[in-house]
Colleague: 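There's a structure below that I have some questions on.
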Amino acid sequence: MFDERVSRIFEEFGVKPFDCKYLAVYHTLDRLGIIKRKQIKVRKWELVVRFLGGFDEARRIINELYNEVKPNGCLKNIKDVTRDLNKLLAEHNLRISERITKELMKKLGIETRFHGERRQVIPFTGSKLEMLYIWGFCIGDASIRKLRGGRIKLDVSGKKETLEAIYSILRKYLPKDVKIGKRADGYDRLNISLDKSFSFLLKPIETILKEIKTIEEMSALLAGLIDSEGHIRYEEVKYIDRRYNIVRRKKSRVITIANKDINLLERIQEKLAEFNISAFISGPDRNNVYTLGIAKKDSLEQLAPILFKHLKHKEKKKRLKEILKEISEEEKAAAGTGKGRGQN
């Protein structure tokens with residue numbers, strides 16, 4: 001079983017064979033000085049830390065380099081940081097690769113970005129009213145998803161006037177060179193990444209409505225929905241008076257929001273009722289789209305003045321202004337004849 005020489009050694013020292021691990025034998029021989037342990041080579045990332053002044057100083061320097069903004073508005077990437085570090089390490093005759101930079105950042109606890117996060121974005125700092133407007137607009141006509149790094153991807157297409165409404169709010173949170181683009185079919189498109197603080201866009205309608213406490217907050221949400229998927233109709237329409245069998249004319253004033261999600265519209269209808277605003281739901285049409293409408297005079301008189309402050313779509317705001325003007329004229333006329341609001 002054993003070599004004869006090994007057997008003689010065991011017999012000479014009276015040692016009985018026993019099971020042991022290779023590592024135990026290695027350490028025993030090492031401690032007895034029979035073998036010399038190989039000198040462990042210092043890793044490159046450790047040399048970088050040493051030359052930069054220690055872990056804390058290295059972490060500070062690399063963080064500053066990694067979060068520096070380039071002239072094109074993008075944050076620096078691993079390649080940029082590697083190039084900058086090699087300039088600093090040149091006096092020590094040390095040169096590193098991108099692989100070493102990644103390993104170094106991992107050891108220092110510096111989290112790396114995904115490729116889509118290189119563009120600098122600003123955290124949301126707006127008011128609750130602004131948040132509700134953005135949520136209303138995006139839930140109506142946008143694709144929203146969360147990226148792996150936590151940022152929020154927003155993709156919305158439509159007419160230029162519609163996209164300009166949401167862009168007027170979001171542009172302060174985006175790089176300066178981000179503009180509204182064009183799709184192949186001619187529609188305008190806004191395809192952007194937002195800071196992770198915009199995660200409120202992922203909240204369901206039930207959660208958002210629980211946060212709404214005033215008619216002002218409700219109007220901000222409605223303004224976003226109207227600017228994206230709503231209409232404000234103010235026009236003269238003809239109708240047949242069956243009583244006298246004649247054609248009459250009247251002003252049609254109605255605010256509508258169209259959406260395929262009936263649950264969304266029903267929840268909004270219920271919330272509006274809490275503020276004594278009457279709304280109806282019709283549909284679906286041939287495209288399976290439902291419509292929520294506000295047409296009653298009392299509801300329009302209560303909602304329109306507050307809604308006007310939050311609308312961003314120029315044409316829709318113009319039509320609402322005409323409705324407000326007519327409401328004002330009707331109130332003046334009623335006051336002149338001694339009839340107040342709601343009197344016949």
Side-chain angles (χ1 to χ4, degrees), residues 20-126 145-155 170-179 181 190-199 202:
C20 64
K21 301 291 184 182
Y22 163 81
L23 197 58
V25 175
Y26 175 83
H27 282 294
T28 302
L29 294 174
D30 175 53
R31 290 184 179 184
L32 292 173
I34 298 173
I35 62 172
K36 290 185 178 181
R37 185 185 300 181
K38 290 182 179 179
Q39 187 176 3
I40 299 174
K41 191 176 180 181
V42 179
R43 297 176 182 272
K44 268 194 173 183
W45 70 265
E46 292 177 314
L47 289 174
V48 176
V49 170
R50 183 188 302 172
F51 292 146
L52 291 180
F55 273 85
D56 292 338
E57 186 64 12
R59 187 181 297 110
R60 182 191 66 79
I61 292 172
I62 295 174
N63 253 323
E64 287 184 2
L65 292 175
Y66 193 49
N67 291 294
E68 189 176 328
V69 182
K70 298 194 289 187
N72 64 358
C74 291
L75 295 168
K76 286 189 173 181
N77 55 21
I78 300 294
K79 184 178 180 180
D80 299 322
V81 174
T82 303
R83 184 177 60 248
D84 292 341
L85 284 175
N86 281 326
K87 290 178 182 178
L88 294 174
L89 298 170
E91 60 179 297
H92 301 287
N93 295 319
L94 179 64
R95 187 171 183 82
I96 62 173
S97 64
E98 292 177 33
R99 181 184 64 80
I100 299 299
T101 302
K102 288 181 181 178
E103 184 180 8
L104 174 62
M105 293 176 71
K106 184 178 180 181
K107 298 294 183 182
L108 293 174
I110 299 174
E111 189 175 347
T112 56
R113 291 183 289 268
F114 294 102
H115 179 74
E117 297 177 331
R118 286 179 55 206
R119 300 189 70 82
Q120 188 183 33
V121 292
I122 299 172
F124 179 74
T125 55
R145 61 189 176 92
K146 187 175 183 179
L147 300 177
R148 287 182 299 168
R151 289 193 181 186
I152 304 299
K153 186 72 172 177
L154 177 64
D155 189 356
L170 294 180
R171 64 184 173 186
K172 62 186 175 184
Y173 301 109
L174 300 170
K176 293 181 180 179
D177 62 333
V178 173
K179 306 292 182 184
L190 187 63
N191 186 19
I192 55 177
S193 291
L194 296 166
D195 184 76
K196 58 185 178 182
S197 56
F198 281 82
S199 58
L202 301 172

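Just so you know, residue 1 is the first one in the sequence shown, and it goes up from there.
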Colleague: Residues two or more places apart in sequence or in another chain: which of them pass side chain to side chain donor-acceptor pair (under 3.5 Å) with D155?
Modeller: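 Residues passing side chain to side chain donor-acceptor pair (under 3.5 Å) with D155: R189.
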
Colleague: Is there side-chain contact between N63 and I110, with heavy atoms separated by less than 4.5 Å?
Modeller: yes

Colleague: Among all residues two or more places apart in sequence or in another chain, which pass the salt bridge (charged side-chain N to carboxylate O under 4.0 Å, His left out) test with K70?
Modeller: D80

Colleague: Side chain to side chain donor-acceptor pair (under 3.5 Å) with N67: which residues, sequence neighbours excluded?
Modeller: R113

Colleague: Could I get the full list of side chain to side chain contact (heavy atoms under 4.5 Å, CB included) partners for D56, not counting sequence neighbours?
Modeller: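 Scan of D56 (side chain to side chain contact (heavy atoms under 4.5 Å, CB included), adjacent residues dropped) gives R59.
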
Colleague: Under 3.5 Å, is there a donor-acceptor pair between the side chain of S197 and the main chain of F124?
Modeller: yes

Colleague: Check side chain to side chain donor-acceptor pair (under 3.5 Å) between T28 and all other residues, then give those that pass, not counting sequence neighbours.
Modeller: none

Colleague: Below 4.5 Å, heavy atoms only, C-beta onward: do V121 and F198 meet side chain to side chain?
Modeller: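 No, their side chains stay 4.5 Å or more apart.
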
Colleague: Going from CG on L104 to CD1 on I62, what distance comes out if it is rounded to the nearest 0.5 angstrom?
Modeller: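 Between L104 CG and I62 CD1, I get 4.0 Å after rounding to 0.5 Å.
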
Colleague: For residues 58-106, which residue pairs pass the ring-ring contact (aromatic ring centres under 6.0 Å, His included) check, not counting sequence neighbours?
Modeller: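 Residue pairs with at least one partner in residues 58-106: F51-H92.
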
Colleague: Among residues at least two apart in sequence or on other chains, which ones pass side chain to side chain contact (heavy atoms under 4.5 Å, CB included) with S97?
Modeller: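 Side chain to side chain contact (heavy atoms under 4.5 Å, CB included) check on S97 returns R99, I100.
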
Colleague: Does any non-hydrogen side-chain atom of T112 lie less than 4.5 Å from one of K102?
Modeller: no

Colleague: Can you sort out the partners of K196 under side chain to side chain contact (heavy atoms under 4.5 Å, CB included), two or more places apart, ordered by chain and number?
Modeller: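 Per chain and number, K196 pairs via side chain to side chain contact (heavy atoms under 4.5 Å, CB included) with no residue.
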
Colleague: Using the test salt bridge (charged side-chain N to carboxylate O under 4.0 Å, His left out), find all partners of K76 that sit at least two apart in sequence or belong to another chain.
Modeller: E68, D84

Colleague: Name all residues meeting the ring-ring contact (aromatic ring centres under 6.0 Å, His included) criterion together with F55; count only those two or more places apart in sequence or in a different chain, and write none if there are none.
Modeller: none

Colleague: Would you please name every residue forming a salt bridge (charged side-chain N to carboxylate O under 4.0 Å, His left out) with K172, sequence neighbours left out?
Modeller: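 For K172, the residues satisfying salt bridge (charged side-chain N to carboxylate O under 4.0 Å, His left out) (neighbours in sequence not counted) are E130.
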
Colleague: Could you go through K153 and N191, starting from their C-alpha distance and side-chain angles, then the distance that decides it, and tell me whether this counts as side-chain contact (heavy atoms from CB on, under 4.5 Å)?
Modeller: CA-CA 8 Å; K153 186 72 172 177; N191 186 19; 3.1 Å; yes

Colleague: Can you name the side chain to side chain contact (heavy atoms under 4.5 Å, CB included) partners of E57, sequence neighbours left out?
Modeller: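 In terms of side chain to side chain contact (heavy atoms under 4.5 Å, CB included), with neighbours along the sequence ignored, E57 is linked to R60, I61.
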
Colleague: Got I122 and D195 here, is their nearest side-chain heavy-atom distance under 4.5 Å?
Modeller: no

Colleague: Mind checking whether R50 and L47 have side chains closer than 4.5 Å, heavy atoms only?
Modeller: yes

